[in-house]
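One structure is given below, encoded as structure tokens.
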Amino acid sequence: MERITDAGPPSGRQRTLARAPIVLYRWGLGALLGRRFLYLVHTGRRSGLKREVVLEVVTSDTGSTTACSGFGTKAAWYRNVLENPSVTIQSGRLRTAATAVPLDVETGVELMSEYAGKHPKIAARLARVMGYRVDGSDDDFRALGREVRFVRFDHGG
């Protein structure tokens with residue numbers, strides 16, 4: 001794995017495009033995006049105001065959904081849920097209260113490896129967006145898993 005840029009969260013036009021799916025959720029059409037995405041409503045750590053973001057789902061089961069902070073600890077949503085773990089999430093048609101639980105680095109390494117094994121092209125594309133170049137090997141994706149952060153949202157089903 002190679003760092004190709006010191007990428008941070010998107011700004012300007014890229015930020016507008018990245019935030020476009022939020023509108024679908026606000027209009028009640030978020031289910032059109034399926035279960036591949038997670039709409040997260042959280043509280044700003046400084047402002048106390050409602051904040052929204054759409055994330056890619058890494059894993060999901062009956063009682064929890066896991067997402068990745070591709071920009072690691074730089075992402076505002078990640079810092080916000082560390083401070084205020086009570087959130088609301090929606091994936092597919094399910095909208096529910098949840099608790100954000102940050103996962104340890106080794107768990108993140110395993111999750112990144114599993115995700116890349118299932119979705120190698122998407123994982124490589126996401127790595128580029130996050131400022132990394134991967135060669136497609138499990139070792140490279142594991143190294144990437146050490147750089148990004150994962151959060152499990154427990155929602156009880």
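What you are looking at is a predicted structure, and each value in this text was computed from that prediction instead of being measured.
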TODO: Take V101 and R152 through the test side chain to side chain contact (heavy atoms under 4.5 Å, CB included) and record every step on the way to the result.
DONE: CA-CA 5 Å; V101 179; R152 185 182 70 234; 3.6 Å; yes

Open item on the list: Could you report the tightest heavy-atom contact between S69 and G72, atom names first, then the distance?
Closed with: OG-O, 2.6 Å

Open item on the list: When you group the ILVMFWY residues by side-chain heavy-atom contacts below 4.5 Å and let the links chain together, are L111 and F141 in the same group?
Closed with: yes

Open item on the list: How close do M112 and A123 get, counting heavy atoms only, and between which atoms?
Closed with: CE-CB, 4.2 Å

TODO: Give a yes or no answer on whether the side chain of Q90 reaches the backbone of G92 with a donor-acceptor pair at less than 3.5 Å.
DONE: yes

Open item on the list: Can you tell me how far apart NZ (K121) and CG (L126) are? Round to the nearest 0.5 Å.
Closed with: 14.5 Å

Task: Basic-acidic side-chain contact under 4.0 Å: R46, E83 - done: no

TODO: State, with a plain yes or no, whether a side-chain heavy atom of E52 is found less than 4.5 Å away from one of R26.
DONE: yes

Task: R149 (side chain) donor-acceptor with R146 (main chain) under 3.5 angstrom - done: yes

Open item on the list: What I'd like to find out is whether the side chain of P102 reaches to under 4.5 Å of the side chain of Y78, using heavy atoms alone.
Closed with: yes

TODO: Check whether V57 and V81 end up in the same hydrophobic cluster, where Ile, Leu, Val, Met, Phe, Trp and Tyr are linked by side-chain heavy atoms less than 4.5 Å apart.
DONE: yes

Open item on the list: Just verifying a value: how many Å separate F150 CZ and T107 OG1, rounded to the nearest 0.5 Å?
Closed with: 10.0 Å

Task: Positive for side chain to side chain contact (heavy atoms under 4.5 Å, CB included) with L103, one of V58, T66, V151 - done: T66

Open item on the list: Let me confirm one number: the CG-CZ distance from L55 to F37, rounded to the nearest 0.5 Å.
Closed with: 10.0 Å

- [ ] Return the minimal non-hydrogen interatomic distance between R142 and V109, and the atom names on each side.
- [x] NH1-CG1, 3.4 Å

- [ ] Report yes or no: do L32 and L94 belong to one cluster of Ile/Leu/Val/Met/Phe/Trp/Tyr joined by side chain heavy-atom distances under 4.5 Å?
- [x] no

Task: Shared hydrophobic cluster for W77 and V87 (ILVMFWY, side-chain gaps under 4.5 Å) - done: yes

Task: Rounded distance [0.5 Å steps], NZ in K50 versus OG1 in T88 - done: 9.0 Å

Task: Test item: S91 side-chain N/O and L38 main-chain N/O as donor-acceptor pair under 3.5 Å - done: no

TODO: Might you point out which heavy atoms bring T96 and H155 nearest each other, and give the distance in Å?
DONE: CG2-CB, 3.5 Å

Open item on the list: Using only atom types and a distance under 3.5 Å, with no angle test, would you say the side chain of D154 pairs donor to acceptor with the backbone of T99?
Closed with: no

Task: Closest non-hydrogen atom pair, A127 against L144 - done: CB-CD2, 3.7 Å

TODO: Would you check if the side chain of R79 reaches a backbone N or O of K74 as a donor-acceptor pair within less than 3.5 Å?
DONE: yes

Task: In one Ile/Leu/Val/Met/Phe/Trp/Tyr side-chain cluster, 4.5 Å: V105, V148 - done: no

Open item on the list: Nearest 0.5 angstrom please: M130 CE to C68 SG, how far?
Closed with: 5.5 Å

- [ ] List the steps and the verdict of side-chain hydrogen bond (donor to acceptor under 3.5 Å, both in side chains) for S137 and D139.
- [x] CA-CA 5 Å; S137 69; D139 286 344; 5.3 Å; no

Open item on the list: Do I122 and R125 have side chains that approach each other closer than 4.5 Å (heavy atoms only, starting at C-beta)?
Closed with: yes

- [ ] Evaluate side chain to side chain contact (heavy atoms under 4.5 Å, CB included) for Y25 paired with L33, printing each intermediate quantity in order.
- [x] CA-CA 9 Å; Y25 285 97; L33 297 175; 3.6 Å; yes

- [ ] Could you tell me whether a side-chain N or O of N84 sits under 3.5 Å from a main-chain N or O of S86, the two making a donor and an acceptor?
- [x] no

Task: V41 vs R95 side-chain heavy atoms within contact, under 4.5 Å - done: yes

Task: Euclidean distance, I89 CD1 relative to S60 OG, rounded to 0.5 Å - done: 7.5 Å

Task: Close side-chain approach of V54 to L40, heavy-atom, < 4.5 Å - done: no

- [ ] Using a 4.5 Å cut-off on heavy atoms from C-beta on, say whether the side chain of E56 contacts that of Y115.
- [x] yes

